[in-house]
Amino acid sequence: MTAISTNPKQWTIGLVGYGEVGRILAEDLRKQDVTIVTYDIKLDGNKAGPLREHARDHGVALAASHTDLAARADFIVSAVTASQAVPVAQACAPAVKKSAFFLDFNSASPGAKQRAAKLIDARGARYVEGAVMTSIPPYRIKVPLLLGGATAGDLAPLLLQLGFDAKVASKELGVASAVKMCRSIMIKGLEAMTIECLTTARAYGVEDAVLASLKETFPSIDWEKQGAYFFQRVIEHGRRRAEEVREVAETVREIGLTPWSAQGTAERQAWVADLADEGLFGTKVTKTFARSPDWRTEADRILAAVKAKKQAS
């Protein structure tokens with residue numbers, strides 16, 4: 001069997017998941033002339049068109065399945081929804097190359113990462129957990145990334161050569177994910193609370209007073225701009241965020257606490273995602289979708305939908 005090159009730019013990199021994250025990584029890696037192959041379950045459905053077009057435009061090869069990708073890749077990045085972290089590892093494991101690195105980019109609980117690791121490591125490959133510590137689009141490939149696992153120290157310098165901003169959090173699996181999950185209790189919770197707070201304030205006509213009070217308590221935050229950003233992100237990515245926060249809740253349960261806050265956050269994120277799926281905020285995958293600079297526009301849409309459903313019941 002051919003050994004994995006010590007030069008990461010000579011690797012074939014497999015991206016499992018060709019959503020926002022996968023496409024960003026593909027673009028930045030292809031700029032370095034790195035060979036990329038990808039697989040996404042959406043490639044087999046009626047939403048495949050834009051993904052296939054993007055792959056063609058950027059010189060990304062399409063795999064036929066998880067096992068096809070795993071058999072071709074020297075380094076696999078799993079960037080799917082949180083609930084699919086373990087299933088993807090299970091699907092790739094039968095064909096993964098010995099000594100290949102498998103970087104789990106997913107926002108899953110420490111327990112889920114440990115289960116995925118067992119599947120990959122049992123095949124002689126090298127599982128490394130990754131915890132993405134902030135929103136990817138502004139940073140792209142240089143998003144702060146914490147690594148964990150026995151071979152994280154081997155992968156870290158290779159990732160740096162590829163342009164990642166990666167550092168080792170621990171040789172113990174689960175530590176990097178715990179940092180990410182605990183952070184998400186706060187960050188994703190703030191998103192959900194801001195939408196609930198400002199939409200309710202808008203309904204009562206007291207949003208200006210509420211914003212003034214928040215500004216007084218937290219003077220370093222531009223609440224108008226932050227509110228708009230939170231609405232944008234949840235409207236566009238609420239489904240993925242809800243799945244992540246359900247993993248956050250599982251992380252809390254794993255230590256014996258009841259995740260009351262995380263559960264509520266997941267429900268609010270999923271609720272906004274449902275409204276987005278119904279077309280309340282416009283047509284998805286258009287340039288104007290979830291890009292309103294004024295949170296009031298989206299709050300008014302939510303309030304109109306709530307009123308209509310109340311009248312219909």
Side-chain angles (χ1 to χ4, degrees), residues 13-19 21-22 39-41 63 65-71 73-133 145-156 159 166 168-185 188 239-259 262-263 265-266 270:
I13 296 179
L15 301 176
V16 182
Y18 206 50
V21 174
Y39 177 69
D40 191 301
I41 57 174
S65 64
H66 292 97
T67 52
D68 180 34
L69 179 144
D74 303 304
F75 171 47
I76 298 171
V77 179
S78 176
V80 292
T81 55
S83 65
Q84 294 303 303
V86 176
V88 163
Q90 188 171 28
C92 289
V96 71
K97 293 182 180 181
K98 290 188 183 298
S99 297
F101 284 106
F102 184 104
L103 177 60
D104 193 332
F105 233 56
N106 303 302
S107 298
S109 73
K113 293 287 180 83
Q114 290 161 1
R115 292 193 296 276
K118 288 180 180 179
L119 295 165
I120 297 299
D121 292 346
R123 307 296 296 193
R126 293 177 282 183
Y127 179 97
V128 177
E129 68 167 326
V132 180
M133 297 310 296
L145 180 65
L146 296 182
L147 305 179
T151 58
D154 298 326
L155 181 59
L159 289 181
V168 178
S170 175
K171 291 183 178 180
E172 181 183 348
L173 274 175
V175 172
S177 294
V179 175
K180 165 71 172 178
M181 294 289 98
C182 292
R183 177 184 183 275
S184 290
I185 294 172
K188 302 305 187 292
R239 188 70 62 203
R240 175 161 53 83
R241 278 161 151 68
E243 287 202 18
E244 176 184 330
V245 182
R246 290 190 179 104
E247 284 294 308
V248 169
E250 185 59 30
T251 302
V252 176
R253 288 191 192 94
E254 286 172 359
I255 67 158
L257 287 180
T258 302
Q263 287 173 173
T265 295

Enquirer: If only atom types and distance count, is the side chain of E129 paired as donor or acceptor with the main-chain N or O of G149 below 3.5 Å?
Expert: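 Flag not set: sc E129 to bb G149 has no pair under 3.5 Å.
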Enquirer: Atom SG in C182, atom CD1 in I255: separation rounded to 0.5 Å?
Expert: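 Here the rounded value is 7.5 Å.
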Enquirer: Any donor and acceptor pair, going by atom type alone, linking the side chain of S109 with main-chain N or O of A112 inside 3.5 Å?
Expert: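 Pair found, side chain donor or acceptor close to backbone of A112.
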Enquirer: So, does Q263 use its side chain to make a donor-acceptor pair with the main chain of A249 at under 3.5 Å?
Expert: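 A pair under 3.5 Å: no.
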Enquirer: Side chains of E243 and S83 only: does a donor on one sit below 3.5 Å from an acceptor on the other?
Expert: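 There is such a pair between these side chains.
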Enquirer: More than 12 foreign heavy atoms under 6.0 Å from CD1 of I41: is that the case here?
Expert: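 Result for CD1/I41: open.
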Enquirer: Looking at every non-hydrogen atom in both residues, tell me the closest pair between A169 and L146 and how far apart they are.
Expert: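 For A169 and L146, the tightest heavy-atom pair comes out as CB-CB, 4.1 Å.
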Enquirer: Would you check if the side chain of R240 reaches a backbone N or O of T81 as a donor-acceptor pair within less than 3.5 Å?
Expert: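 Side chain of R240 to backbone of T81, a donor-acceptor pair under 3.5 Å: no, none is there.
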Enquirer: Using modelled atom types and a 3.5 Å cut-off, is there a donor and acceptor pairing between side-chain atoms of K113 and backbone atoms of G130?
Expert: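 The answer is yes, because a donor-acceptor pair under 3.5 Å joins these two groups.
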Enquirer: If you look at every heavy atom in P110 and E254, which pair is closest and at what distance?
Expert: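 So the two residues come closest at CD-OE1, 3.9 Å.
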Enquirer: Between M181 and E244, is any pair of side-chain heavy atoms under 4.5 Å apart?
Expert: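 In short, these two side chains touch, coming nearer than 4.5 Å.
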Enquirer: Just verifying a value: how many Å separate Y39 OH and T67 OG1, rounded to the nearest 0.5 Å?
Expert: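 So the OH of Y39 and the OG1 of T67 are separated by 9.0 Å.
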Enquirer: Does Y127 reach the side chain of L119, with side-chain heavy atoms less than 4.5 Å apart?
Expert: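 No; the side chains remain at least 4.5 Å from each other.
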Enquirer: Apply side chain to side chain contact (heavy atoms under 4.5 Å, CB included) to residues F75 and L159 and explain how you reach the verdict.
Expert: CA-CA 10 Å; F75 171 47; L159 289 181; 3.6 Å; yes
Enquirer: Could you tell me whether the side chain of K180 and the main chain of N106 form a donor-acceptor pair under 3.5 Å?
Expert: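 No.
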Enquirer: What are the two closest non-hydrogen atoms of A166 and L147, and how far apart are they?
Expert: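 Closest heavy-atom pair between A166 and L147: CB-CD1, 4.0 Å.
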Enquirer: Of all the heavy-atom pairs spanning E247 and A82, show the shortest one and how long it is.
Expert: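 Distance-wise, the nearest heavy atoms are CG-CB, 3.5 Å.
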Enquirer: Please round to the nearest 0.5 Å and tell me the distance separating atom CG of D154 and atom CZ of R126.
Expert: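 Reported to 0.5 Å precision, the distance equals 6.0 Å.
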Enquirer: Is it true that a side-chain atom of R183 and a backbone atom of M133 form a donor plus acceptor pair closer than 3.5 Å?
Expert: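 It does hold such a pair.
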Enquirer: Within a 6.0 Å radius of atom CD on E172, are there more than 12 heavy atoms belonging to other residues, nucleotides or ligands?
Expert: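 At most 12 heavy atoms, drawn from other residues, nucleotides or ligands, come within 6.0 Å of this atom.
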Enquirer: Testing the basics here: between D68 and A63, what is the closest heavy-atom pair and its distance to 0.1 Å?
Expert: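 That closest heavy-atom pairing would be OD2-CA, 3.3 Å.
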Enquirer: To the nearest 0.5 Å, tell me how far D104 CG sits from L173 CG.
Expert: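 Those atoms lie 9.5 Å apart.
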Enquirer: Looking only at non-hydrogen atoms, find the nearest pair between L15 and G22 and report the distance.
Expert: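 Here L15 and G22 meet closest at CD1-O, 3.4 Å.
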Enquirer: As an exercise, state the distance from CZ of R246 to OG1 of T251, rounded to the nearest 0.5 Å.
Expert: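 Reported to 0.5 Å precision, the distance equals 14.0 Å.
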Enquirer: How far does OG of S177 sit from CD of Q114, to the nearest 0.5 angstrom?
Expert: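 S177 atom OG to Q114 atom CD measures 8.5 Å (nearest 0.5 Å).
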Enquirer: If the test is side-chain contact (heavy atoms from CB on, under 4.5 Å), which one of D40, V96, V16 qualifies with L69?
Expert: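 So the option named by the test is V16.
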